[in-house]
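Report on the following structure.
In this text, all values refer to a predicted model and were calculated from it rather than measured experimentally. In the text below, chain A, chain B and the rest are named by the order of the sequence lines, each starting its count at 1.
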Amino acid sequence: MEDKTIKAVPAIELKGISKSFGPVQANKNISISVAPGTIHGIIGENGAGKSTLMSILYGFYKADKGEIWIKGKKTEIPDSQAAIAAGIGMVFQHFKLVQNFTVLENIILGAEDGGLLQPSLAKARKTLAELAAEYELNVNPDAVIEEIGVGQQQRVEILKALYRQAEILILDEPTGVLTPAEADQLFRILHRLKDEGKTIILITHKLREIMEATDTVSVMRRGEMTATVKTSETSPEHLAELMVGRKVLLRVDKVPARPGKPILEIENLRVVDEKGVERVKGIDLTVRAGEILGIAGVAGNGQSELLEVLGGMRPGSGAIRLNGRALPLSGPGSDARARRAAHVAHVPEDRQREGLIMEFHAWENVAFGYHHDPAYQSGIFMNNAALRADTDRKIEKFDVRPADGWLAAKNFSGGNQQKIVVAREIERNPDLLLVGQPTRGVDIGAIEFIHKQIVALRDQGKAVLLVSVELEEIFGLADRIAVMFDGHIMGERLPHETDEKELGLLMAGVSGEAA
Amino acid sequence: EPALIFDLGGKFDKSFNEAAFNGAKRWADETGGSFREIELQSEAQREQALRRFAEAGANPVITMGFAMADPLSAVAADYPDTKFVAVDVTWLDAPNIRQIGFAEHEGSYLVGMMAAMASKSGTVGFVGGMDIPLIRHFGCGYAQGAKAVNPDIKIVANMTGTTPAAWNDPVKGSELTKAQISQGADVVYAAAGGTGVGVLQTAADEGILSIGVDSNQNHLHPGKVLTSMLKRVDVAVYDAMKAGENLETGVFNMGLAEEGVGYALDENNASLISDEMKAAVDKARQDIIDGNLKVVSYYENDSCPALKF
Amino acid sequence: MDFLTIIQVLDSTVRLATPLLLACLAGLFSERAGIFDIGLEGKMLMSAFFSAAVAAVTGSVWLGLLAGIAASLVLAGLHGLASITFRGNQLISGVAINFLAAGMTVLIAQDWFQQGGRTPSLIGGGRFGPIEWPLAESLREFPLIGPVYSELLSGHSILVYVAFLAVPATWWVLFRTRFGLRLRAVGENPAAVDTAGVSVVGLRYAAVAICGVLCGIAGAYLATALQAGFVKDMTAGRGFIALAALIFAKWRPWHAMGACLLFGLLQAIALRFQNIDLGGVVIPVQVMDALPYVLTVVILAGFVGKAIPPRAGGEPYVKER
Amino acid sequence: MDKMPQWADVVLIPLISLILAAILSALVILGIGEDPVAAVNMMVSGALGSTYGWGYTLYYATNFMFTGLAVAVAFHARLFNIGGEGQAMLGGLGVALVCLYVPWPHWSIALLAACGAAMLFGAIWAAIPAYLQARRGSHIVITTIMFNFIAAALLNYMLVNVMRPVGSMDPASARFAETVHLPTLHELLVPIGINFSKAAPANVSLLVAVLACVVVWALIWRTRLGYEIRAYGHSETGALYAGISPYKITMVAMLISGALAGLMAINNVMGEAERLVLNSTEGAGFIGIAVALMGRSHPFGVFLAAILFGFLYQGGAELALWTNIPRELIVVIQALVILFTGALDNMVRMPLEKIFLALRKGKA
Ligand SMILES: Nc1ncnc2c1ncn2[C@@H]1O[C@H](COP(=O)(O)OP(=O)(O)OP(=O)(O)O)[C@@H](O)[C@H]1O
Ligand SMILES: Nc1ncnc2c1ncn2[C@@H]1O[C@H](COP(=O)(O)OP(=O)(O)OP(=O)(O)O)[C@@H](O)[C@H]1O
Ligand SMILES: [Mg+2]
Ligand SMILES: [Mg+2]
């Protein structure tokens, strides 16, 4: 109907945006225009400047140069308040929620109706119920953020934007932490919003999502906008090439597994967390030599605790055997150091909080966890020269960029940080490799590489336990799939005998027989 | 030119060091002379100040407090031509030191008597600063005096604390005074430096009597300070400065006889001191001077016959 | 121990707890907003001096109170400048403020009054007097209730009541108002506040300013209500005890009151019962002196458990590295 | 990629900050009606203009090196040890016991024993708060504050009731024997032809302090333990992941910290006073916090900051000796130095970074 006239005026127009962080130029003279009532995708490698650009639009950062036009009007956005006033809402890559507040408190924060809280809360509760009904965005308004899953947290972020009546919604890598079902639901909501005339910008590393959800897509590389195309006129392969600058293999290339003897046997494993909640409720699993066992599941169903107890980071009860020998689950000999001595390597879920010391140089991080290795000692001191030589070797082999062992871990991009961790753990040639979310937030070039390394280890006859919330990754890598829900193993499947739908049901707690 | 070294409490402690300063000032005003001075800030400065003043030609160098004994014993021999004055030190062996000790227990004895006579409740209080022997020495004389008047008297004795902050915590001084009042005390003797300010204040606020120390503190709350135990440091300093380089060295004990200690009587407390009180106290004073009455010093064997610490 | 003694000890507890409580609530506002403050001591001291100085010169304790608050606010502003605007280290800033106050108070006092870093004694209208509650005198003889009413509740200076009323007020502001919600949020996750369109800097300055006001009242209480004038270093470490109480209370207002009363009580007991004679063995005064601190440690270790500070506490909010 | 060349970061910024602090101090001196130029002259010549001045400056600096290192080591494990004061007091007790009750044949053996005792006593005093933090979660800031007070009471008790020679007025221990007298810098340097002032108290402990700086540097940056301490300090979850025991690191770091603070006693108790007096630490434990923060917890930085504070102490003493400026002026100057070099250093850094960035862009 009025479609044509509205489209004449872009909902958002950025003109010549530039932004530097000290010596790093994150955005270089970027211009982009998004039509109202569309979904616009933005893709690009890690560190390309996507988040920065959107943060500028949302008033979180201030651009050094450039103009922002909203609905045909030049708009100054010096802070987020101005952005909100201009009808912009943003769901950040790293959620901006207050962990010990309730959902309701987080939603009204900054959008209260008066000096007193009670009326605002009451009003928000009502509005929230309406929004929930309208968009199937159900969350318990009185739940405390730190006690709900990331999927729920993301809903809160979206509700925050809707509560502020955003007309323009920016989502920065929203599906990184979602189950397929949750992601599907998210996209249904996005389409509903689009149909209502709202404009959506979607940043993602997943080409499939771009292809399925967006109307137009822009590609960023090294701070510059390299292309903007209609989604219908492109293909994943083409986009990947635009992003990375070379051809990328989008499928994991591997030969069928030849499982050998059991390496890891888990019996009736239970884990109780610091708050006294049982997170792993008696599971039995076996991982064999030469196979990758994938654990699928929605984040927060006990997978993290499973990995942590296997990696020696927290105590548990039950029994685990490695190569037939029992490993203690609590008390002396159950810590991470003992696990490493038993040839268990661990790529943790959170590289920044666990796998690396962000302030350490890359070369110091290469010894992290293995700092007792005699090869790294000389007398009472650590043999830093040996460490640095080792680091240089790994940097070269794993193509870590920039190839500078003296850089602090925090100064590498996410993908390269992950490469450092993977290099450290895989190069130990462990009997068992524990891997959690190996490619979370990592761009497709790096994903390809990391996947190759994991498969190569399997092909050497080692056992791999892979935890991932990405079903695509599970299907691509795992030789056998176990699904975890609420601390239990819901069932095991072979990849070629199942599909995303069945796994999705298992992940939601619907047991195999019923499905 | 004479030099004066104040102890860590600082020149304006409203008692001991301030008395020294007043003596020095009186000398300077009267003679038009000038003197050097330093407020010590750390232990290491004790020796430093002695040497620096001696090297700069100051003579005599007057020091305050027993803590100077140790550095003096190390330094004095290096400057045989300089005369040193050590207030509160009596046990050194050096030819060029004038050592002045005060019989604080005797003065405290007199004010203890007055406290007991002024007390209607039969309970008197003592608030000390940091718990050190010198303060116990004060308290011990006080208790003996009080007991001499009224053998059944109850003496509530408290120390403010164990750190140097105890000399500068008037709030705690107040609370201690209130605690003592609640235990029946109606006369409180403060020997606690800056903390004593709080003691005297609270006593005045609560309508009981207090006793000042070192300097004459009667004027702080006219009509409410029973008396002050005078320790004539000012006189000692004045005399030393006046004698100049010709100062006589040796050990000098300033007791009641030498008017080194005493109690303060002026227009601020005249109404509080009855004639019988004055008569009794003056008699005791004379008896002590004559040797008929002996006040036991806490130092004699680190204990007090009249009071437990 | 008879009933009256208990009342007297509790009365003393209230007086000793008041400055701790004010300082503790001051720290609570600041730290809840993510600005750690070990400069409570310095701010109290500065206020103690200026309130006494102005009260001495003008003869008006109310002007003194205002001056004390203003002086404390200046230091709070300095702390804000260092830790909010210039994103400096909050611990260093606090340490510097303590030193600054310790030095400046005496320097200025000496320059103005020449009384050796003291102010003249306050008299009459220069001091906060006790407020007698209605019928306090006539009810005194009433058993039980009488002493509680007329000794314990009545007869404190107005600032005592201010301090204890500040507890529910703080609770209400923090948990029932928009400002409180934002303030708590900014101490937990300033980025959340920022992206919600609220100024992190503004909120943190507001919190630091409230902290300044409360410290100002605490200092004025010491110098013009409990005492009649300023004496150097007269805060005597109370700012640090208040900080300990704050951690003890896990940054919660009612618990803060409990912690401060507990510390006050321990001190009151130690002051009231020195030289306890246990069958011939006199407990040395040093033991009683150390008792409040020993008991604090014991209680902390035995009953309190882990205290988790506001998550963003101590860290400056930096958007662009 | 850094925003600024390293020399600007390490030299230029502290220098400008110091100048700012000096300017403000000058204003304060003017404010109380004195001459700032003369005052600064007196401070510099008094503290650095003679071997005598240096002797005092270095004496104070020695104290601050020990306490500064103590705070720094704990900081690396993200522990805020405010208890240096109490730990140093206990260290003094240890030194006094060793020196008083054992007849040592030679100072060097006595020094070794005193070091051991000082470290042991300091470490014990740190061990309880450390244990409570590691096992019971009791906040180390509170417990170390409390332990300062408890240490003061304990020391007071020991000196007044136990260690004081009978009849002495002074709440202090007896003097140590001649044989445990530590050689001063004068005694050490005169044999090699340097005529160092005889009066100053700086002594062989200075060398121990410098050695301690080197050892701490090696410990933190070169050993496995230091690696673990730093890793734990940066990230507790990271430490768990790497098999580093939080309990062990908390205990070890605090024991080392307490030992270093205790070690200060060889300087002030054994080297200077040669007996144990009340309040012999004189707040050096608190100055240590400032020194560690200013020195960025790096031993070399601690070394420099300690000398700066030693200079302020000694310069201040000279001022107090020859002028009527109240001693509190020095406290104010210290505050300003801490404020500008520590807390407000971004005030200098931010504009400088812009300048350097502009310069670099101009060149590129
Ligand atoms: N707050 C910041 N301070 C300094 N540099 C920053 C900051 N945020 C981003 N950068 C830098 O700006 C560049 C662009 O980062 P940005 O986060 O926008 O990338 P991105 O495209 O979103 O990457 P990813 O896909 O990993 O999310 C990077 O070089 C990054 O290091
Ligand atoms: N503070 C910094 N100083 C200099 N360079 C930096 C800094 N931070 C990041 N970089 C550079 O920016 C690039 C991208 O880093 P960035 O932090 O954006 O990671 P990222 O890919 O966004 O990670 P993630 O996906 O986990 O968000 C890297 O090449 C890194 O060297
Ligand atoms: Mg990023
Ligand atoms: Mg991003």
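- No more than 12 heavy atoms of other residues, nucleotides or ligands shown are found within 6.0 angstrom of CD1 on C:Ile158.
- With values rounded to the nearest 0.5 angstrom, A:Leu117 atom CG is found 9.5 Å from C:Trp172 atom CH2.
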C:Thr195/A:Phe95 under side chain to side chain contact (heavy atoms under 4.5 Å, CB included): CA gap, chis, key distance, verdict: CA-CA 10 Å; C:Thr195 54; A:Phe95 301 150; over 6 Å; no
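- The two residues C:Lys319 and A:Gly59 have their closest heavy-atom pair at NZ-O, 4.4 Å.
- Within 6.0 Å of CD in A:Gln165 there are 12 or fewer heavy atoms belonging to other residues, nucleotides or ligands.
- Of all heavy-atom pairs spanning C:Asp194 and A:Phe60, the tightest one is OD2-CE1, 3.5 Å.
- Separating the CD atom in A:Glu146 from the CZ atom in C:Arg311 is a distance of 4.5 Å, to the nearest 0.5 Å.
- Summarising the geometry, atom CD belonging to A:Gln118 is positioned 5.5 Å from atom CZ belonging to C:Arg176; distances are rounded to the nearest 0.5 Å.
- Minimum heavy-atom separation, A:Ala111 to C:Arg182: N-NH2, 4.5 Å.
- For A:Asn100, the parts lying near chain C are the backbone and the side chain together; criterion is any non-hydrogen pair under 4.5 Å.
- Among C:Leu181, C:Val198, C:Thr177, the single residue meeting the side-chain contact (heavy atoms from CB on, under 4.5 Å) criterion with A:Glu112 is C:Leu181.
- Between A:Leu109 and C:Val193, the shortest heavy-atom contact is CD2-CG2, 4.2 Å.
- Only the backbone of A:Leu97 comes within contact range of chain C, with heavy atoms under 4.5 Å apart.
- Both the backbone and the side chain of C:Arg184 come within less than 4.5 Å of a heavy atom of chain A.
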